[in-house]
Undergrad: 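One structure, as structure tokens, below. Some questions next.
The structure presented is a predicted model; accordingly, all values stated were derived computationally and were not measured. Side chains are part of it too, since the values below use all heavy atoms of this structure and drop only hydrogens, waters and symmetry mates. In what follows, chains are A, B, ... by sequence order, proteins preceding strands, each numbered from 1.
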Amino acid sequence: MAHPYMPNSTPDAKAAMMRAAGVTDVDELFEQIPAGHLAAEPIALGDGVRAEASVRRRVRRLLDRNDSCVENLNFLGAGCWQHYVPAVCDEIASRSEFLTPVWGTPSSDHGRNQAWFEYASQLGELVGMDFVGLPVYSWGAAAGHAIRMAARMTGRREVVVPATLDPERLAVIRTYCGEGAEAIAVVVARHDPDTGRLDLADLEAKVGDATAAVYFETPNHLGVVEADADAVARIARGQGAETIAGVDPISLGLLRPPSEYGADIAVGSTQPLGIHLNAGGGVGGFIATRDEERYAREYPTLQVSLADTKVPGERAFGMTLFHQTSYGSREEGNDWTGNSVYLWTVVNAVYMALMGPRGFAEIGETIAANSAYAARRVGTVPGVSVRWPSGFFKEFVVDFNATGRSVTQVNEALRARGIFGGKDLSTDFPELGQAALYCVTEIHTADDITALVSALHEVVAA
Amino acid sequence: MAHPYMPNSTPDAKAAMMRAAGVTDVDELFEQIPAGHLAAEPIALGDGVRAEASVRRRVRRLLDRNDSCVENLNFLGAGCWQHYVPAVCDEIASRSEFLTPVWGTPSSDHGRNQAWFEYASQLGELVGMDFVGLPVYSWGAAAGHAIRMAARMTGRREVVVPATLDPERLAVIRTYCGEGAEAIAVVVARHDPDTGRLDLADLEAKVGDATAAVYFETPNHLGVVEADADAVARIARGQGAETIAGVDPISLGLLRPPSEYGADIAVGSTQPLGIHLNAGGGVGGFIATRDEERYAREYPTLQVSLADTKVPGERAFGMTLFHQTSYGSREEGNDWTGNSVYLWTVVNAVYMALMGPRGFAEIGETIAANSAYAARRVGTVPGVSVRWPSGFFKEFVVDFNATGRSVTQVNEALRARGIFGGKDLSTDFPELGQAALYCVTEIHTADDITALVSALHEVVAA
Amino acid sequence: WDQPLIMEQGGPGRRGTVPPAPIETAVDALPEGVRRTTPLALPEVAEPDVLRHYLRLSQQTMGMIGISLFGTCTMKYNPRVGELLAARDQLAEIHPHQDDASVQGLLEIVHEFDLMLRELSGMGRFIFQAGGGAAAAYVHACVTRAYHESRGELERRRDVITTAQAHPCNPATAAAAGFNVITLPVERDGYPSLDALRAVVGDRTAALMINNPDDMGIYNPHIKEWVDVVHEAGGLCFYDHANFNGVMGRIRAAELGFDACMFMLHKTFGAPKGGGGPAVGAYGCTPELEPFLPGPLVVRTDAGYERRENAGGVGRVREFLGNLPQVVKAYAWTLAMGADGIREAADISVLANNYMETRLLAIPGVTKSFDHLTARRLEMTRYSLGEYTEETGVTAVDIQNRMTDYGVDAFWLSHEPWIVPEPFTPEAGEGWSKEDIDYWIDVLAHVMEEGRADPELVRSAPHNQVVAQIDTASLDDPARWATTWRAYRRKNEREVTA
Amino acid sequence: WDQPLIMEQGGPGRRGTVPPAPIETAVDALPEGVRRTTPLALPEVAEPDVLRHYLRLSQQTMGMIGISLFGTCTMKYNPRVGELLAARDQLAEIHPHQDDASVQGLLEIVHEFDLMLRELSGMGRFIFQAGGGAAAAYVHACVTRAYHESRGELERRRDVITTAQAHPCNPATAAAAGFNVITLPVERDGYPSLDALRAVVGDRTAALMINNPDDMGIYNPHIKEWVDVVHEAGGLCFYDHANFNGVMGRIRAAELGFDACMFMLHKTFGAPKGGGGPAVGAYGCTPELEPFLPGPLVVRTDAGYERRENAGGVGRVREFLGNLPQVVKAYAWTLAMGADGIREAADISVLANNYMETRLLAIPGVTKSFDHLTARRLEMTRYSLGEYTEETGVTAVDIQNRMTDYGVDAFWLSHEPWIVPEPFTPEAGEGWSKEDIDYWIDVLAHVMEEGRADPELVRSAPHNQVVAQIDTASLDDPARWATTWRAYRRKNEREVTA
């Protein structure tokens, strides 16, 4: 029986093509492959399930064994955050035209290229920068590429990063920085345990003439806003190093853009801009800089630029600086590029366009206020405290040390109540003891926080 | 604050329009409405919820209180059936171009009109008829219109219907037939309690020279295929009455088309053709006849016809016989028409195109076999029997009389086990006693039937 | 892109989708006599090709992707959040015969939305069974029948009165329900006079079925007296709220004395129109008429919500409770709009219409219906190109065709009967931006200029659409019309490979 | 339809969406110093207008709606059932840090799909962390680094060997990982000779990274010897399975001796490409290399499935487990295809390519790469228009532009380096019907004829697209390129109302 996915899997179609191609047996076409190369045993995958209903039922039943953040109350963040995705974002993400294409000409892909340009333009507006590449795989990947850009620009092989960095993101950065003789050394600067911010004195001590870049984040991985970002950039600049700021784009209606505190390169995650959690499959990383040749020449990414067409006054969008990518120059190009997260790029553009200046200002206020509210209320639970109870955005560290319970115990008990407690920090940040990183966004209501606080009361008292 | 749904709800936009229109206060525009007509009290609906996240959460929480046929195992049918909806149907149904439009020109709506024509063409193929109107609201509405067509054609005011008719559909038919002096009288012909089929002798007795039409269904509401449909049509034709057959289009790859047993008009539900249950909001009704002027002139519906354009060889689709609708002739038109279920019409076209001749043949076989299998196994439960254990399609009557339990009791117990038992027939068909109409389709697996049978064992033994 | 018919595509053996195989081969097969023997000449097309075909057809449907100021229909923005809600299993995969206990959330929405419409209309209860505005008008005709029947007056009360500007569904459904229709002509003030009404009202009067304001944007200020006159004669009054958008939040049908009214959820309440449904005509009536409503009604009890038959009511006008997904979308829309948003929408809608009027009347050749009336129109105004057509020979339909070349979907002309020559009825509502309205007007002005300079250019339009202007000659010719490919092939006696 | 930039649309005060208000006004606000003071110059556009804008842009993207025989990329049908599955809350709304116990279904799918890929490749374990094929190549480069480091040989093993026909991501990722790249040139047989390989292999060899068959459809029959040679020297062998489609089910990478391989789920396994991601480069390796894989690994235990860190492995190449929605779609595709479907897809894909070859070579001016080689090509063949270009001055890019006028999306030319002049590489795979393939070829032949008759017509193409041919002059000019609207406005020093 013909397979629905394969129009030519009918005897008629195959016979017609074989006739024209002059073969009588399909196996003749594989003459190139020596017999000794053929699979020793047939592929044991079973026959295909032709009925879509059966495939769907089977996969759905597996998926239905998952507990989602919709029917549970979620306080996990730490690199992937639950924000509200406007329905229009889903509508555009599901458009076949954007979902399935590969690559056309600037004319045949005009609409998608325009959407990409609108992504870059709006993201550039958020971070206050004029040159924006198409995104890479993740925040960690973006930071990794940015550090490599800085290393190429400065000819130096050291990067200073904060101790508060997400260990997962740091692991990606380390992989990008490499191993062995040519590796970029990763130097960790301490944070001030009283404030959760970078210890500027330690930073100053660690930045020197070998430093290619200082990489820092605000808010940092533990939620704390680096109030003295200008000083960080000043220290880097003072030693001829590049300043790379990692930022959360959803904060930038409320917080200063990195361009204003001296960042040379801004990176971050695009996931907060209208992309579902997707079990971590919604992440993407942006890279933005000033529009200076010095930076532009180091981008490993593709990027679209406005350009003229043969018709006066008409605009098209084409790839700029293609030759410096791996597609253009193989190993001579900057790092490498390939398929990335370009469908999300279109959705990011939609999200930013929907939000506009007021939306970003409001969502920043709401997230700051909601997370502050939640922190204050969580802090009322006996034995539970908030490590840095002010100056944070969206995420904050909850300290369970005084409860005598481990985060593992707390989170298990919460999960039994339909609550996903904050990310356990006890392994990654042993100096914090039994602490967890809670994420509160615009999706949380007063009732949600009450539910959390009640549950914590029970759990701690139990 | 401007509302996201209203681009002109900004002070700027309003001021610009007011300036141009020469008004200083919007209330001036309502001068036509006398003060005494204005609402006594302001509308007490509360302020709008501007945040989409909040609206969505509120409605979703209500919907989540429903138990669906996905996480439960469903055996309800009786006028709305759970069939598998291929993913491509959903994809096309959600296309904004089809979802949101009103009505354009034959050129600007060419694609949709073509899809409608493809609906009519494929449906005509299933029923074996050449003239097909765009669908009406439901099977009952289609039957009602068809009976009125027959009454106008014959000048008679009686319709004979079978006793097995769905009381809900019959209620619709009665409403269409009217009350009072000009009403079309509904005469009910008995069925044979041994076979579940029409009692031909009784039918013959009731059809006469006042009969505008005989309306019957195959399979009938209780699932039984009318094996002697030709005889029914012969009886009608013998008295100069029209034969109207109600059919389930999903059966027509397996069962004979109504054209072949003498039906003049075919009606039925379009819901099985790729439309979700939608709590009953997925139904639609088709009307099809031979392509004879006598019939065509009585259609109350809109219909699209192939036509030429000003460019030789090019095809367009336009409305035929528009003047005979209520849009064209108000009360002089045939019955009335208006918004119908035209989005589903596009989806029906997609479904029929996906299925093709083999798909319909196979699904007919699968449904017949699965329902026969289920009936056989259900009949093994002590005290439970199947009323007419062969000759049915998709639905069959399960007799619980010997269990000493009411269908209400059985169904409640099943529901507690995540099973939606068959439709209770005890009120509508008291002669059947405690009986229920079970629906089994291609979506059901052997495991599903086993689950039902196990549950019935428990329930009956409890 | 000339997209062949799906029936012309594919090839033998291709499969678009495959149903599950039977659990076991039928032991007890159906008798031969009931089985199909004629092969089905349906297309055989692979899944990707079916998908691509309908994706292309979707792109060949302009709809709301361009600009569509389609009047009398209150086309507005359909928030996509409603679609996501309606797609959830907890709605899409609910069976209408499920036990009430398993659909409490849905019944609560139906009840809550009923309360919202009661607030907007002053009526006592709404039902959603009718699948469109016309079906709701038919509900009214049936309720009227049942009401007079219950009083033993049905045989006498044969007349339903309406006006020439009432939507055609009113006289049509009244006639279908067996009533005699009396249509009052529009008079100098833009509506029939009270005297004209009085002249036809009497003990034969069953009901008045009317729109107000009408499609010309004119509000009948004597409507209360009309209702009184009909009531005094023993008739019922039905308010077709097709034109509700301009008066939302300002008037309540029940306070004006009406016994019943109808709202279109797929138009006024933000649910999508789907090119003509699935739709909902929400029918509401006063407590006095509630006994005649078709069941089931959704009622709130101490134990929760339940569906209850309405003994003595009209049996059914359609199976089940109605197009509930559309009710859910309308409910979400109404939550999002609120009292303030609804009032604002009416204001903006009327303001936009008056703004359009200012600009449209500045275009040479555009005139307004009843132009001696100076009062402001409500959410739409009917215009005429009569003078322009006399001057140029270019008709409103020609203009309509040509405007599509500029990405502007067809405007609505007028319901029957046409009271003004070469009518057209644009409506901006609250959903189109001033820039889009301006663009629309600019296109109209431009096309009218084209029609003066080169009438044939406009008369032969469109020129930039998928297909050229349709040749309507065959459409009403029994020898040539073809509503199916079967019919077309037969009539054209040619061999076409399916 | 000329669609302005979203930044050029809207007006002050318009809102596209509104976030929820704060639970309470922030008591403990952030200090002034960290707050934004510069206004954000983002567009202010209402929701319907944003939606319509992106709907229009979607319609201005031809992609797979036309016909796209884009080679080297294995574009195929993306079953929509996968999209419906991926849209479910139980996948879309799963947080990557959720407890394993709450994502057992997802982990089971990951594990089951890992087993499927093991079956197809003979490898010992797959991971899905890499966000594309290039990232998977980078995984290999990192694994290679870690492997040699673990043996104390990293300082010595500096060379990664590849071929001119290997995908650019192989040399590029090797270089990014700090290796020296040796690229072997293609020789007379269509691949580098074994001698050439032997000449560069030695104790400096870290790895071989290679495609086979390559983009010309040529399979290197000595690949086993290649692997042996590299293994003997202590290097690892990586099989870039970008061209798997033609050999699916016929060969297993591990049986050929490879240590690792990579599959692209967004290409070969039916998940959509999204215009360039989200994607998955599934990286698989033998048990010997498993200790070096980046964690977390998904493992099955008696208690269920769990994510487990891989001590000693490469830390991470990307956060989290990977683009799991794409894994789920690929899993559904593989279930639907089965062993028989996968084998059939390879057959059809190669058959379609040979059919195309027969027809394409009949077009005057089309030649084949390495045309002295008579063996059948696999799922694609690289052609050349070099002679045609010399004759007419019309290039492959010109032809590409003109073909879009007929609804045919761009073909792929060639990856760098171009080995044949004016190359093009069509690939039909198993997803395009013979009719579509024929149409594509007919269009190519027609356009080539046009180019002979009227070269300028083709050189100035496209003529029927949304915009005309791009003027590339500014793209690499620092004074004129503009990747953002901010940059464009600054460089063009003109006032544009945002």
Undergrad: Who pairs with C:His97 by side chain to side chain donor-acceptor pair (under 3.5 Å), at least two apart in sequence or on another chain?
TA: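 By the side chain to side chain donor-acceptor pair (under 3.5 Å) rule, C:His97 matches no residue at all.
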Undergrad: What option among B:Gly338, B:Gly318, B:Gly333 has the most heavy-atom pairs under 4.5 Å with chain C?
TA: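 Most heavy-atom pairs within the cutoff with chain C belong to B:Gly318.
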Undergrad: Using non-hydrogen atoms and a 4.5 Å limit, figure out which bit of B:Gln82 sits close to chain C: side chain, backbone, both or neither.
TA: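 Side chain only.
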Undergrad: Give, as side chain, backbone, both or neither, the part of C:Leu256 having an atom under 4.5 angstrom from any heavy atom of chain B.
TA: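 Side chain only.
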Undergrad: Counting heavy-atom pairs under 4.5 Å to chain C, which of B:Gly281, B:Gly22, B:Gly48, B:Ala227 comes out on top?
TA: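 Winner by heavy-atom pair count: B:Gly48.
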Undergrad: Go through the atoms of C:Pro213 and report whether side chain, backbone, both or neither lie under 4.5 Å from a heavy atom of chain B.
TA: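 No part of it gets close to chain B.
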Undergrad: Applying side chain to side chain donor-acceptor pair (under 3.5 Å), can you list everything that pairs with C:Tyr54, at least two apart in sequence or on another chain?
TA: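 Only B:Glu118 meet the side chain to side chain donor-acceptor pair (under 3.5 Å) criterion with C:Tyr54.
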Undergrad: Which one wins on heavy-atom pair count under 4.5 Å against chain B: C:Pro39, C:Pro168, C:Ser474?
TA: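 Top option by heavy-atom pairs under 4.5 Å: C:Pro168.
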Undergrad: Testing the basics here: between C:Glu416 and B:Tyr327, what is the closest heavy-atom pair and its distance to 0.1 Å?
TA: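 Shortest heavy-atom separation between C:Glu416 and B:Tyr327 comes out as CG-O, 3.1 Å.
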Undergrad: Using modelled atom types and a 3.5 Å cut-off, is there a donor and acceptor pairing between side-chain atoms of B:Gln114 and backbone atoms of C:Gln3?
TA: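 Such a contact is found between B:Gln114 side chain and C:Gln3 backbone.
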Undergrad: Looking only at heavy atoms and a cut-off of under 4.5 Å, which of C:Gly249, C:Gly338, C:Gly105, C:Ser460 has the most pairs with chain B?
TA: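 Looking at each option in turn, the highest pair count goes to C:Gly105.
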Undergrad: Side chain, backbone, both or neither: which part of C:His415 has a non-hydrogen atom closer than 4.5 Å to chain B?
TA: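 The side chain, not the backbone.
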Undergrad: Using non-hydrogen atoms only, which part of C:Glu155 is less than 4.5 Å away from chain B: side chain, backbone, both, or neither?
TA: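 No part of it gets close to chain B.
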Undergrad: Is C:Gln90 in contact with chain B via its backbone, its side chain, both, or neither, using a 4.5 Å heavy-atom distance?
TA: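 Its backbone and side chain both get close to chain B.
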Undergrad: Below 4.5 Å, heavy-atom pairs only: which of C:Val247, C:Thr404, C:Val18, C:Val350 has the largest tally toward chain B?
TA: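 Top option by heavy-atom pairs under 4.5 Å: C:Val350.
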Undergrad: Measure distances from C:Glu255 to the heavy atoms of chain B and classify the residue's part below 4.5 Å as side chain, backbone, both or neither.
TA: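 The side chain, not the backbone.
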Undergrad: At their closest point, which heavy atom of B:Met6 faces which heavy atom of C:Glu344, and how far apart are they?
TA: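 Shortest heavy-atom contact: CE-CG, 3.7 Å.
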Undergrad: So which part of C:Met75 gets closer than 4.5 Å to some heavy atom of chain B, the side chain, the backbone, both or neither?
TA: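 The side chain, not the backbone.
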Undergrad: Nearest heavy-atom pair of B:Glu314 and C:Val466: which atoms, and what distance?
TA: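 For B:Glu314 and C:Val466, the tightest heavy-atom pair comes out as OE2-O, 4.0 Å.
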Undergrad: C:Leu335, C:Leu324, C:Leu51: which one forms the most heavy-atom pairs within less than 4.5 Å of chain B?
TA: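 Between C:Leu335, C:Leu324, C:Leu51, the count favours C:Leu335.
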Undergrad: Let's test your reading of the structure: which of B:Gln303, B:Arg60, B:Glu182, B:Met355 forms the most heavy-atom pairs below 4.5 Å with chain C?
TA: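 That would be B:Arg60.
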Undergrad: For chain C, find which of B:Ala361, B:Gly180, B:Ala40, B:Ser94 contributes the most heavy-atom pairs closer than 4.5 angstrom.
TA: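 Most heavy-atom pairs within the cutoff with chain C belong to B:Ala40.
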Undergrad: Heavy-atom distance under 4.5 Å to chain C: side chain of B:Ala349, backbone, both or neither?
TA: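 For B:Ala349, the contact with chain C is made by backbone and side chain together.
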Undergrad: Do C:Arg486 and B:Asp291 meet the salt-bridge criterion of a basic N to acidic O distance under 4.0 Å?
TA: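 So B:Asp291 does not pair with C:Arg486 through a salt bridge.
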Undergrad: For C:Trp432, is there any backbone N or O sitting under 3.5 Å from a side-chain donor or acceptor partner on C:Tyr77?
TA: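 Pair absent, no side-chain N/O of C:Tyr77 close to backbone of C:Trp432.
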Undergrad: With a 4.5 angstrom heavy-atom cut-off, is it the side chain or the backbone of C:Ile342 that approaches chain B, or both, or neither?
TA: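 Side chain only.
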Undergrad: Rounded at 0.5 Å granularity, tell me how far OG1 in C:Thr61 sits from CZ in B:Arg95.
TA: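 Reported value, rounded in 0.5 Å steps: 9.5 Å.
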Undergrad: Would you mind checking if C:Glu119 and C:Arg252 are paired as a salt bridge, meaning a charged N to carboxylate O distance below 4.0 Å?
TA: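 Between C:Glu119 and C:Arg252 there is a salt bridge, with a charged N closer than 4.0 Å to a carboxylate O.
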Undergrad: If every non-hydrogen atom of B:Leu252 is compared with every non-hydrogen atom of C:Leu40, which pair is closest and at what distance?
TA: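 Looking at all heavy atoms of both residues, the closest pair is O-CD1, 4.3 Å.
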Undergrad: Among B:Ser329, B:Ala16, B:Gly36, B:Ala78, single out the residue with the greatest number of heavy-atom pairs under 4.5 Å to chain C.
TA: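 Going by pairs under 4.5 Å, I would pick B:Ala78.
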Undergrad: B:Trp103 vs B:Tyr342 aromatic rings, parallel, tilted or perpendicular, using cut-offs 30° and 60°?
TA: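 Tilted, since the angle between the ring planes falls between 30° and 60°.
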Undergrad: Please classify the contact of C:Glu108 with chain B as side chain, backbone, both or neither, using a heavy-atom distance under 4.5 Å.
TA: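 Answer is side chain: those atoms of C:Glu108 sit under 4.5 Å from chain B.
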Undergrad: In terms of heavy-atom proximity below 4.5 Å to chain B, should C:Glu149 be classed as side chain, backbone, both, or neither?
TA: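 For C:Glu149, the contact with chain B is made by the side chain alone.
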Undergrad: Checking heavy atoms, do the side chain of C:Arg318, its backbone, both or neither come under 4.5 Å from chain B?
TA: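 C:Arg318 touches chain B through backbone and side-chain heavy atoms alike.
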Undergrad: Who wins among C:Ala410, C:Pro96, C:Gly315 for the most heavy-atom pairs under 4.5 Å with chain B?
TA: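 That would be C:Pro96.
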Undergrad: State plainly whether the residues B:Lys423 and B:Glu168 are in salt-bridge range, i.e. N to O under 4.0 Å.
TA: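 Salt bridge between B:Lys423 and B:Glu168, a charged N being under 4.0 Å from a carboxylate O: no.
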Undergrad: For C:Ala352, is it the side chain, the backbone, both, or neither that has a heavy atom closer than 4.5 Å to a heavy atom of chain B?
TA: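 Both backbone and side chain.
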Undergrad: Given the options C:Val328, C:Leu154, C:Thr472, C:Leu378, which has more heavy-atom pairs under 4.5 Å with chain B than any of the others?
TA: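 Ranked by contacts with chain B, first place is C:Leu378.
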Undergrad: Hey, is B:Glu365 close enough to C:Arg35 for a salt bridge, meaning N to O under 4.0 Å?
TA: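 So B:Glu365 pairs with C:Arg35 through a salt bridge.
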Undergrad: Hey, which of B:Arg50, B:Glu28, B:His323 has the most heavy atom pairs under 4.5 Å with chain C?
TA: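 Top option by heavy-atom pairs under 4.5 Å: B:Arg50.
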Undergrad: So what's closer than 4.5 Å to chain B heavy atoms on C:Asn78: side chain, backbone, both or neither?
TA: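 For C:Asn78, the side chain is the part near chain B, not the backbone.
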Undergrad: Can you tell which part of C:Ala135 gets under 4.5 Å to a heavy atom of chain B, answering side chain, backbone, both or neither?
TA: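 Both parts, backbone and side chain.
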